[in-house]
Student: 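I am attaching a structure below and will ask some questions about it afterwards.
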Amino acid sequence: MELAKLEKQYFGTNGVRGVTGVDMTPRLALEIAEAFGTMLGPGTTVGLGRDTRTSGPALAAAVRAGLLSCGCNVIDFDIVPTPCLQYLVLDHHLDGGVMITASHNPPEYNGIKIIEADGTEMGDERTVQLEQIMIHRTFITAPWDKLGSESSEPNARELYISAIVAQFPKDCGHGITIVVDPGNGPAAATTPEILRRLGATVHVINETFDGTFPRRLPEPTAEGLAPLSAQVVETGAAFGVAHDGDADRAIFVDEQGRFMDGNITLGLVASYFCHNHPGSVVVTPVSTSGLVEAIANSHGCTTSYTVVGSIYAARTMRKLMEEGQPVIIGGEGNGGIIYPVHQFCRDGGMSAATMLGLVAERNQPLSALIAELPVFTMYQEKCKTDRAAAITTHMKEYFKGCPIDTRDGIRITRSGAWALIRPSGTEPLVRIYTESKDPAEAKQLMDEILGEISGYLK
Ligand code: MG
């Protein structure tokens with residue numbers, strides 16, 4: 001763990017991020033591409049995509065140069081959502097992909113996500129290998145007659161759109177109105193079209209590609225989505241959907257314009273798939289609301305928990321399926337949902353289409369579907385400490401009579417409540433979550449934990 005942290009100098013959980021011209025530069029992008037090209041070797045083919053940020057073209061040029069110089073062929077998909085690039089890597093049997101995006105970060109940021117041949121984001125072990133090549137500068141350079149070649153794929157978005165549309169009943173959105181807010185990001189060219197092809201009437205705001213993000217930041221917050229909510233109410237839409245900067249996540253507002261928590265979105269999406277596939281498995285990190293497990297149980301499905309982070313959820317899903325388990329859906333409570341029927345990564349366009357499929361199938365307003373769900377109350381705290389390991393040891397002992405899951409921090413269940421005490425991997429703090437259907441029980445459990453660990457805090 002500590003070794004991996006020491007070695008991962010550039011990459012976080014979801015790639016490299018930084019402020020353009022300060023720590024995210026064409027020089028760094030070139031070196032990342034050279035290192036990735038070195039790992040793949042000459043004669044391989046890599047897909048390249050970017051979001052709408054102003055620094056995208058400069059960084060894409062650097063990535064292209066790095067890959068070509070290693071002898072890798074580059075297919076340029078231009079501006080696409082991250083899940084579109086991931087789908088094309090898989091569908092075109094490419095050796096990898098490079099996505100230039102800073103996801104939900106503000107406009108001055110940019111970053112790079114590395115995609116493996118199976119369409120998933122690069123995992124920790126391979127990322128450490130890639131960084132070692134950067135640190136030791138052991139890049140390969142192809143000779144003049146072995147350099148890579150460039151091409152483009154003008155049908156990139158179309159292939160992705162039609163793959164999603166094919167997952168749902170024909171014309172299922174007929175008679176349903178939806179408002180889409182792609183936030184001037186790449187989904188402006190994909191999500192509205194997906195929903196239209198499913199038969200829905202679609203209104204779009206923030207519909208142009210614009211890397212200055214003039215009307216809202218790439219993180220879809222309730223505040224930033226106020227114009228979306230207003231438009232939903234005004235047009236009598238069934239719901240509104242917004243994306244983060246690279247559209248791997250989807251955030252919804254109901255027909256009354258009310259912002260939906262990501263755990264509720266995951267629960268509803270899970271209910272759509274569980275209802276149609278009873279007996280299957282839902283995969284989600286240990287930090288997700290118990291709502292998802294309750295919904296899975298109500299459809300005769302089970303829940304399998306993972307380490308926090310979409311990459312870990314996606315990889316666990318693959319592993320369970322290889323072992324023969326009927327995994328049907330996975331994802332996090334932040335609007336990132338993974339659909340193995342389609343591909344093994346978070347896909348915001350697929351989430352938008354699923355919500356449409358759900359509303360069409362149930363023929364009820366979204367608010368009524370939400371009102372039917374069991375209500376859970378979650379408390380979350382962040383506590384500064386440099387004694388996270390001691391806290392974990394102490395709390396394991398304290399809760400020793402309860403079932404404890406130790407795959408990421410400690411998650412305990414006690415009567416109708418659960419708690420997660422999870423040290424941060426990057427900062428000197430622990431995150432604490434408690435949840436129950438009984439708000440008083442969730443609050444009491446939080447107070448009890450905070451009281452127990454107070455001596456370890458800063
Ligand atoms: Mg994202």
Side-chain angles (χ1 to χ4, degrees), residues 11-20 24 47-53 55-56 59 77 79-89 97-116 119-123 127 157 160 164 180-191 194 206 209-211 213 216-221 224-225 228 241-252 260 262-263 265-266 269 285 287 308-315 330-339 342-354:
F11 283 73
T13 314
N14 295 104
V16 174
R17 304 260 172 93
V19 174
T20 300
M24 187 66 240
L48 174 62
R50 64 180 172 94
D51 67 15
T52 57
R53 287 166 199 271
S55 52
L59 296 175
F77 298 127
I79 294 175
V80 286
T82 299
C84 174
L85 171 70
Q86 291 175 290
Y87 175 76
L88 292 166
V89 166
V98 178
M99 182 71 195
I100 298 164
T101 179
S103 187
H104 60 275
N105 291 114
E108 65 271 26
Y109 282 76
N110 213 336
I112 292 179
K113 290 181 179 179
I114 303 284
I115 310 300
E116 295 277 25
T120 61
E121 284 177 54
M122 186 176 266
T127 302
R157 294 175 203 140
Y160 167 73
I164 291 179
V180 180
D181 175 5
N184 301 104
T190 51
T191 296
I194 290 165
N206 302 328
F209 286 163
D210 189 339
F213 305 107
R216 74 162 172 89
L217 290 172
E219 173 69 26
T221 60
L225 301 194
L228 173 69
V241 56
H243 295 294
D244 69 325
D246 64 334
D248 52 358
R249 292 192 290 132
I251 302 293
F252 294 87
M260 280 167 57
N263 283 295
T265 301
L266 178 59
V269 164
S287 54
V308 176
S310 66
I311 297 179
Y312 306 109
R315 289 177 183 275
E332 304 173 290
N334 65 0
I337 306 180
I338 304 162
Y339 303 84
H342 171 52
Q343 61 171 340
F344 283 97
C345 67
R346 297 182 292 185
D347 192 326
M350 185 72 187
S351 295
T354 304

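All residue numbers refer to positions in the sequence shown, counting from 1. Whatever order the structure lists ligands and atoms in, that order sets their numbers, starting from 1.
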Student: Is the shortest side-chain N to carboxylate O distance from R249 to E219 below 4.0 Å?
Tutor: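 Judged by the 4.0 Å cut-off on N to carboxylate O distance, R249 and E219 do form a salt bridge.
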Student: Classify the side-chain pair Y109/S103 by whether it contains a donor and acceptor separated by less than 3.5 Å.
Tutor: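 No donor-acceptor contact under 3.5 Å links the two side chains.
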Student: Less than 4.5 Å apart, any side-chain heavy atom of M24 and any of I112?
Tutor: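 Yes - at least one pair of side-chain heavy atoms lies under 4.5 Å apart.
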Student: Could you pull out the atom name of the N/O/S atom in D248 that is nearest the Mg ion (ligand 1)?
Tutor: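 It is OD1, the N, O or S atom of D248 closest to the Mg ion (ligand 1).
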Student: Tell me which N, O or S atom of D244 sits nearest to the Mg ion (ligand 1).
Tutor: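 Checking each N, O and S atom of D244, the shortest distance to the Mg ion (ligand 1) belongs to OD2.
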Student: Out of the N/O/S atoms in D246, what is the name of the one closest to the Mg ion (ligand 1)?
Tutor: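 Going by distance to the Mg ion (ligand 1), the closest N, O or S atom in D246 is OD1.
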Student: Examine T101 and say whether one of its N/O/S atoms is closer to the Mg ion (ligand 1) than 2.8 Å.
Tutor: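 Here the distance criterion (N, O or S atom, under 2.8 Å) is not met by T101, so no.
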Student: Would you call the rings of Y87 and H342 parallel, tilted or perpendicular if under 30° counts as parallel and over 60° as perpendicular?
Tutor: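 Geometry flag for H342 against Y87: parallel rings.
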